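Data first, discussion second: the structure below is written as structure tokens.
First the proteins, then the strands, lettered A, B, ... as listed; each starts at 1. All values derive from a computational prediction rather than experimental measurement.
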Protein chains: 2
Amino acid sequence: MAEERNERPLRHDRHSVVACALRLLDDVGLPDLSMRRLATELEVQPSALYWHFESKQQLLAAVADRILSAVGELDPSTTLEDAAQAILDALLTYRDGAEVVMSTYALRLGAHGAQRALLGVLDGDQSAADALFEFILGHATLLQQRMHAQSIGAVAADAADPAEHSDEVFQAGLHAFSAARSRH
Amino acid sequence: MAEERNERPLRHDRHSVVACALRLLDDVGLPDLSMRRLATELEVQPSALYWHFESKQQLLAAVADRILSAVGELDPSTTLEDAAQAILDALLTYRDGAEVVMSTYALRLGAHGAQRALLGVLDGDQSAADALFEFILGHATLLQQRMHAQSIGAVAADAADPAEHSDEVFQAGLHAFSAARSRH
DNA sequence: ACCTGAACACCGTTCAAGT
DNA sequence: ACCTGAACACCGTTCAAGT
């Protein structure tokens, strides 16, 4: 009992801030991931975050980086299907992960690794690799969008599946890129 | 000179509100399209908007509808390339148009027409049509994202093209879906 | 039918100042 | 090196009340 309970220096660095942001993202979703809420979670004033990141955009870019880092370097023998699935899995690991990656894609901090993996699998065809990456991101974003809408209950009249046919749509896309490659 | 200059009833309906929102979107972009700013543009209090739409989301869904309505019904003889290009053109007509459509896609108010067009062009293959639509949306969103980042100047070190290779990436994607269809 | 006025509970960001 | 405190200029939304 030598220590009091509410005095803590509680210093952070970029790494711990990003880790907390990623956890918070998964808990509350992108619309509720605010700088003020993140600061509260870190037991710090909102302004403290601006010592570590120059803006919310830059912080989200670092979060996107971490989301895609799970893809890592893929074995050269990986199939197109496995490479694409690995990227999709990384995007779907955290709530709204695809939208975060999409919203910071222009700053291309973390997409390089994932796109290099696709490039290898598509025999060096840069345009096809970019197109496939755009398809994966579009697919993941729309899927997570629907998951959120469903959890809110704000969904169209028909609306049967939470993600029922989503896998077969993904496979149809992969089949297309696969077919295009084989007829060089 | 029989009329004063600052008394105007200025009553609106859903149509005129959406038209103004679309104009404002193109002028200032999605991040600056706020309910308060839209209200100012309409010379009305922000709360007045909530008589016409129950939330900002619903208003944006109506805007997305209008963006995609430009696609209309396509001739059955249209090629896959032309159908896809028509949808892409509609998304790129207004600043941040693709992101607006994407963010309200779960409510599927306006995507039906565009997707029906793709379905016809893909011989009724629903999964392939959905996948192609996801590719087009992903492509358009990332392109507009890059255009915005470039105008801000916040762009990666390499970053050569504003959209230089973007068309050839789009064609690579279309080529893939086209190839998959022909080998039924 | 359509809008005002006022309020509630929030935002991102800056900047001087502290330790 | 890392954070506080206070401020600035905003948000979306609700609701009683007006016409």
Side-chain angles (χ1 to χ4, degrees), chain A residues 4 6-22 24-25 27-64 96 99-100 103-104 106-107 148-149 152-154, chain B residues 4 6-22 24-25 27-64 96 99-100 103-104 106-107 148-149 152-154:
Chain A
E4 299 293 324
N6 48 352
E7 60 203 315
R8 15 190 122 113
L10 262 181
R11 319 217 112 197
H12 302 286
D13 54 10
R14 292 172 64 100
H15 185 274
S16 65
V17 171
V18 169
C20 186
L22 205 43
L24 191 56
L25 174 69
D27 282 352
V28 305
L30 185 56
D32 289 331
L33 175 53
S34 66
M35 296 298 265
R36 297 179 110 101
R37 185 147 183 185
L38 177 57
T40 301
E41 207 79 8
L42 290 164
E43 299 183 79
V44 129
Q45 295 298 313
S47 50
L49 299 175
Y50 290 84
W51 195 90
H52 300 287
F53 295 93
E54 69 179 20
S55 68
K56 185 181 186 181
Q57 268 256 37
Q58 296 290 330
L59 168 53
L60 286 180
V63 170
D96 293 337
E99 198 177 341
V100 171
S103 75
T104 65
L107 300 89
H148 179 249
I152 293 303
Chain B
E4 299 293 324
N6 48 353
E7 61 204 314
R8 18 186 118 112
L10 263 180
R11 317 219 113 198
H12 302 287
D13 54 9
R14 293 172 63 100
H15 186 272
S16 66
V17 171
V18 169
C20 186
L22 204 44
L24 191 55
L25 173 70
D27 283 351
V28 304
L30 185 55
D32 289 330
L33 175 53
S34 66
M35 295 298 266
R36 297 179 110 101
R37 186 146 184 184
L38 177 56
T40 300
E41 208 77 9
L42 290 163
E43 299 184 76
V44 130
Q45 295 299 312
S47 50
L49 299 175
Y50 290 85
W51 195 90
H52 300 286
F53 295 94
E54 70 180 18
S55 67
K56 185 180 184 179
Q57 268 257 40
Q58 297 289 330
L59 167 53
L60 286 180
V63 170
D96 292 339
E99 198 177 341
V100 170
S103 75
T104 63
L107 302 89
H148 179 250
I152 293 304

>> From the set D:dA1, D:dG12, C:dC3, return the single nucleotide nearest to any side-chain atom of B:V44.
In response: C:dC3

> Reading nucleotides 13-19 of chain C from the 5' end, what letters show protein touch, with B for base, S for backbone sugar-phosphate only, - for no heavy atom under 4.0 Å?
Replying inline: BBB----

> For the side chain of B:R14 and the backbone of B:H52, is there at least one donor-acceptor N/O pair under 3.5 Å apart?
Replying inline: yes

>> According to side-chain contact (heavy atoms from CB on, under 4.5 Å), who are the partners of B:S47, at least two apart in sequence or on a separate chain?
In response: B:Q45

> In whole angstroms, how far is the P atom of D:dC11 from the CG atom of B:L60?
Replying inline: 14 Å

> What is the distance from CG of A:L38 to P of C:dC11, rounded to the nearest Å?
Replying inline: 11 Å

> Given Watson-Crick or G-U pairs with both distances under 3.5 Å, what dot-bracket string fits DNA chain C, with | for other-strand pairs and [ ] for crossing?
Replying inline: ||.|||||...|||||.||

> Are the side chain of A:D96 and the backbone of A:G29 linked by a donor-acceptor contact shorter than 3.5 Å?
Replying inline: no

> Could you give the CG-to-C1' distance, from B:D13 to C:dA1, as a whole number of Å?
Replying inline: 11 Å

> C:dA1 and D:dA17: how far apart are their C1' atoms, nearest whole angstrom?
Replying inline: 15 Å

> Hey, is the side chain of B:H52 poking within less than 4.0 Å of OP1 or OP2 on C:dA1, counting only N and O atoms?
Replying inline: no

> Roughly, in whole Å, what's the span from CD in A:Q45 to C1' in D:dC2?
Replying inline: 13 Å

> Using the C1' atom in both, what is the distance from D:dC10 to C:dA9, to the nearest Å?
Replying inline: 14 Å

> How close or far is atom C1' of D:dG12 from atom CG of A:D32, stated in whole angstroms?
Replying inline: 12 Å

> Tell me: CG of A:L49 to P of C:dG12, nearest whole Å?
Replying inline: 10 Å

> Mind checking what makes side-chain contact (heavy atoms from CB on, under 4.5 Å) contact with B:S16, not counting sequence neighbours?
Replying inline: B:H12, B:D13

>> Measuring from atom CG of A:L38 to atom CZ of A:R36, what distance do you get when rounded to the nearest 0.5 angstrom?
In response: 12.5 Å

> Considering residues at least two apart in sequence or located in another chain, which fulfil the side-chain contact (heavy atoms from CB on, under 4.5 Å) criterion with A:A62?
Replying inline: A:V18, A:F53

> In Å and rounded to the nearest 0.5 Å, what is the CD to OG1 distance from B:E99 to B:T104?
Replying inline: 11.0 Å

>> Which residues pass the side-chain contact (heavy atoms from CB on, under 4.5 Å) test with A:R37, not counting sequence neighbours?
In response: A:L24, A:V28, A:D32, A:S34

>> From CZ of B:R37 over to C1' of C:dC11, roughly how many Å is that when rounded to an integer?
In response: 17 Å

> Taking only residues two or more places apart in sequence or in another chain, which ones pass side chain to side chain donor-acceptor pair (under 3.5 Å) with A:S55?
Replying inline: none

> Please give, in whole Å, the distance from D:dC2 C1' to A:W51 CH2?
Replying inline: 6 Å

